[in-house]
Amino acid sequence: VQLVQSGGGSVQAGGSLRLSCAIFEYTSSVACLGWFRQTPGKKREGVAIIESDTSTRYDDSVKGRFTITKDSADNTLNLQMNSLKIEDTAMYYCAARAGSCRRWTLQELENLFGYWGQGTQVTVSS
């Protein structure tokens with residue numbers, strides 16, 4: 001499984017950005033996909049995940065503003081980010097896991113994902 005990210009960039013607070021993650025060599029063992037983010041000096045944190053049955057979970061900090069989706073036709077994972085805040089500034093990573101994420105909280109999942117995208121920077125300014 002290979003993940004190649006696109007999107008991101010710079011935007012003013014209140015604006016929107018869309019991140020995409022193309023999934024190559026996708027297999028049926030991939031049961032959970034997610035987006036994580038990391039700022040300098042901090043641990044990578046879970047933002048949103050989507051299970052194979054399309055159920056989703058979000059970190060409280062992005063709930064109602066971010067939407068995670070998966071396009072099964074072209075195996076692309078997306079993160080639509082609206083009403084962006086300065087504190088959303090981070091390097092964003094997509095990730096895939098062979099197995100469900102249901103047993104863990106978002107913050108416990110970071111070490112359980114085996115496949116990662118290359119990362120893309122999102123910068124929100126005032």
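Residue numbers run from 1 in the order of the sequence given.
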Candidate pair I23 and T76, rule side-chain contact (heavy atoms from CB on, under 4.5 Å), full reasoning = CA-CA 6 Å; I23 308 167; T76 301; over 6 Å; no

inquiry  = Closer than 4.0 angstrom, basic N to acidic O: yes or no for K85 and D88?
reply    = no

key: Approximate separation, where rounding is to 0.5 Å, of L109 CG and Q107 CD   = 8.5 Å

message = Between Q5 and Y92 (side chain of the first, backbone of the second, donor and acceptor by atom type, cut-off under 3.5 Å), is there such a pair?
response = yes

message = Could you report the tightest heavy-atom contact between S100 and A31, atom names first, then the distance?
response = N-CB, 3.8 Å

query = Taking NZ, NE, NH1 and NH2 as the nitrogens, is one of them in D53 or R102 under 4.0 Å from a carboxylate oxygen of the other?
reply = yes

inquiry  = Could you check whether any side-chain heavy atom of S126 comes within less than 4.5 Å of a side-chain heavy atom of I86, counting everything from C-beta outward?
reply    = yes

message = Quick one, F66 and L19 - any side-chain contact, counting heavy atoms below 4.5 Å?
response = no

query = What is the distance from atom CG of L33 to atom OH of Y115, rounded to the nearest 0.5 Å?
reply = 12.0 Å

query = Would you say the side chains of N78 and S20 form a donor-acceptor pair under 3.5 Å?
reply = yes

query = Is there a donor-acceptor pair under 3.5 Å between the side chain of Q121 and the backbone N or O of G9?
reply = no

message = Count I, L, V, M, F, W, Y as connected when their side-chain heavy atoms are under 4.5 Å apart, and connections chain through other members. Are V30 and I50 then in the same cluster?
response = yes

ask   = Looking only at heavy atoms, what is the nearest atom pair of S16 and S83, with distance?
value = OG-N, 4.3 Å

query = R37 side chain to M91 main-chain N or O, any donor-acceptor pair under 3.5 Å?
reply = no

query = Do any N or O atoms from the side chain of T89 and from the backbone of V124 form a donor-acceptor pair under 3.5 angstrom?
reply = yes

Donor-acceptor contact present, side-chain Y93 to main-chain Q38, <3.5 Å = no

task = Considering non-hydrogen atoms only, spot the tightest contact between C32 and G99 and give its length.
result = CB-O, 3.4 Å

key: Atom pair CH2 (W104) and CD1 (I49), whose distance is rounded to the nearest 0.5 Å   = 11.5 Å

request  = Hey, could you give me the CD/NZ distance between E45 and K42, rounded to the nearest 0.5 Å?
outcome  = 7.5 Å

message = What verdict does the side-chain contact (heavy atoms from CB on, under 4.5 Å) test give for K70 and T54, after you've listed the backbone C-alpha separation in whole Å, the side-chain angles of each residue and the deciding distance to 0.1 Å?
response = CA-CA 8 Å; K70 181 182 177 297; T54 72; over 6 Å; no

inquiry  = Once rounded to the nearest 0.5 Å, what's the spacing between atom CG of N75 and atom CD of E25?
reply    = 11.5 Å

query = Going only through I, L, V, M, F, W and Y residues with side-chain contacts under 4.5 Å, is there a path from W35 to F113?
reply = no

request  = Would you name the heavy atoms of L3 and A95 that are closest together and state the gap between them?
outcome  = CD1-CA, 3.7 Å

ask   = Is there a donor-acceptor contact under 3.5 Å from the side chain of E51 to the main chain of T56?
value = no

Side-chain donor-acceptor pair present, R18, T67, cut-off under 3.5 Å = no

message = For Q12, I'd like to know if atom CD has over 12 heavy atoms of other residues, nucleotides or ligands within 6.0 Å.
response = no

query = Given Y58 and I68, is the side-chain contact (heavy atoms from CB on, under 4.5 Å) satisfied, shown in steps?
reply = CA-CA 9 Å; Y58 297 90; I68 185 172; 3.4 Å; yes

remark   = dist L79:CG -> T69:OG1 (nearest 0.5 Å) comes out at 8.0 Å

request  = Please assess W116 against F36 for the test ring-ring contact (aromatic ring centres under 6.0 Å, His included), listing each intermediate value before the final yes or no.
outcome  = CA-CA 10 Å; W116 292 89; F36 293 76; 5.0 Å; yes

query = Under 3.5 Å, side chain of R57 to main-chain N/O of V47, donor-acceptor pair present?
reply = no

inquiry  = With side-chain contact (heavy atoms from CB on, under 4.5 Å) as the criterion, how do R65 and M81 come out once you've worked through the C-alpha distance, each side chain's angles and the decisive distance to 0.1 Å?
reply    = CA-CA 6 Å; R65 300 186 298 120; M81 305 183 293; over 6 Å; no

